[in-house]
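Written out below as structure tokens is the structure these notes cover.
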Amino acid sequence: MLGRLLGNASQSLLKRVSHIMKPKVIFVLGGPGAGKGTQCSKIVEAYNYTHLSAGDLLRAERGREGSEFGQLIDNYIKEGKIVPVEITISLLRQSMVETMTKDQTKSYFLIDGFPRNEDNLQGWNRVMDGKADVKFVLFFDCSNEVCIDRCLERGKSSGRTDDNRESLEKRIQTYLNSTRPIIEQYQKHGKVRTIDASRSVDEVFADVKAILDKEA
Ligand code: UP5
Ligand code: MG
């Protein structure tokens with residue numbers, strides 16, 4: 001399935017493009033509503049990074065006319081479950097190739113909301129091993145209560161099918177059971193930069209800047 005989804009052309013294009021400029025990746029993780037998207041937008045304004053939100057890419061694919069995965073993605077998102085990695089990684093990879101093909105200097109990526117579980121991590125390693133350098137994980141640490149409150153508030157106008165209490169409880173469980181262990185794995189290798197994400201947007205961003213100025 002993976003080969004079919006990625007397409008041979010896309011695979012060899014990424015190989016060629018990454019020979020010229022290997023993509024540098026920061027994974028951005030944290031609970032639902034921790035502020036990943038908000039902070040990534042601010043990073044993009046100040047630094048030469050391209051923001052790829054796995055969730056946004058999945059929502060776009062869900063809404064794409066003729067997508068064979070629309071219904072599946074819809075069900076997974078409402079249930080707060082993690083979509084099979086073949087789908088997510090093909091979307092991420094396609095976006096990376098498109099970005100770098102248009103402009104070869106754009107080889108710095110923030111990958112937001114991925115990898116969320118072991119299946120995601122293994123899929124990434126299988127497909128991207130040697131083709132991209134993961135510098136570190138930017139981890140927005142925030143209590144479940146704050147995360148839920150932010151998403152419920154956003155849910156008043158976001159139109160997101162998962163910004164309701166029932167889906168949020170499932171999203172939090174998935175985050176605790178599946179994503180935290182991935183963060184812990186990276187932590188063991190000294191590859192996590194943790195930020196207290198419960199503060200104001202600007203306070204959080206000040207810490208983000210300090211990390212990027214030092215390391216990126
Ligand atoms: N806000 C942000 N920062 C604030 C601050 N410091 N103080 C006060 N308010 C703050 O922010 C959320 C809300 O809080 C906004 O209203 C914002 O203004 C406010 P946002 O920046 O959007 O937070 P973010 O962490 O991006 O929250 P999001 O809801 O996007 O996180 P999720 O991880 O839950 O959602 P995502 O879109 O990544 O994934 C959705 C679903 O897609 C998953 O549940 C899963 O089903 C599926 N998915 C996969 O299957 N695989 C993937 O790889 C990715 C997603
Ligand atoms: Mg987001």
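Counting from 1, the numbers follow the sequence of the chain as shown. Counting starts at 1 for both ligands and their atoms, following the listed order.
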For ligand 1, is there an atom lying under 4.0 Å from some heavy atom of [X]?
X	result
Ser41	no
Arg59	yes
Arg199	yes

For ligand 1 and [X], I'd like to know whether there is a polar contact (N/O to N/O, distance under 3.5 Å).
X	answer
Gly30	no
Gln39	no
Cys151	no

Protein contact of atom 8 (C) of ligand 1 - nearest heavy atom, named by residue and atom, plus distance: Arg150 NE, 3.6 Å
Out of Lys78, Arg171, Lys170, which one pairs with Asp162 under the salt bridge (charged side-chain N to carboxylate O under 4.0 Å, His left out) rule? Arg171
Cation over ring face, Lys81 and Tyr76, 6.0 Å, 45°: yes
Is a side-chain N or O of Ser67 found less than 3.5 angstrom from the main chain of Arg64, in a donor-acceptor match? no
Does Leu152 offer a backbone N or O that forms a donor-acceptor pair with the side chain of Asp163 under 3.5 Å? no
Nearest neighbour of [atom] from the list [options], on a heavy-atom basis:
atom	options	answer
atom 52 (C) of ligand 1	Lys156, Lys170, Arg116, Glu203	Arg116
atom 41 (C) of ligand 1	Ile73, Asn117, Leu168, Ile77	Ile77
atom 36 (P) of ligand 1	Arg160, Arg62, Arg171, Arg154	Arg160

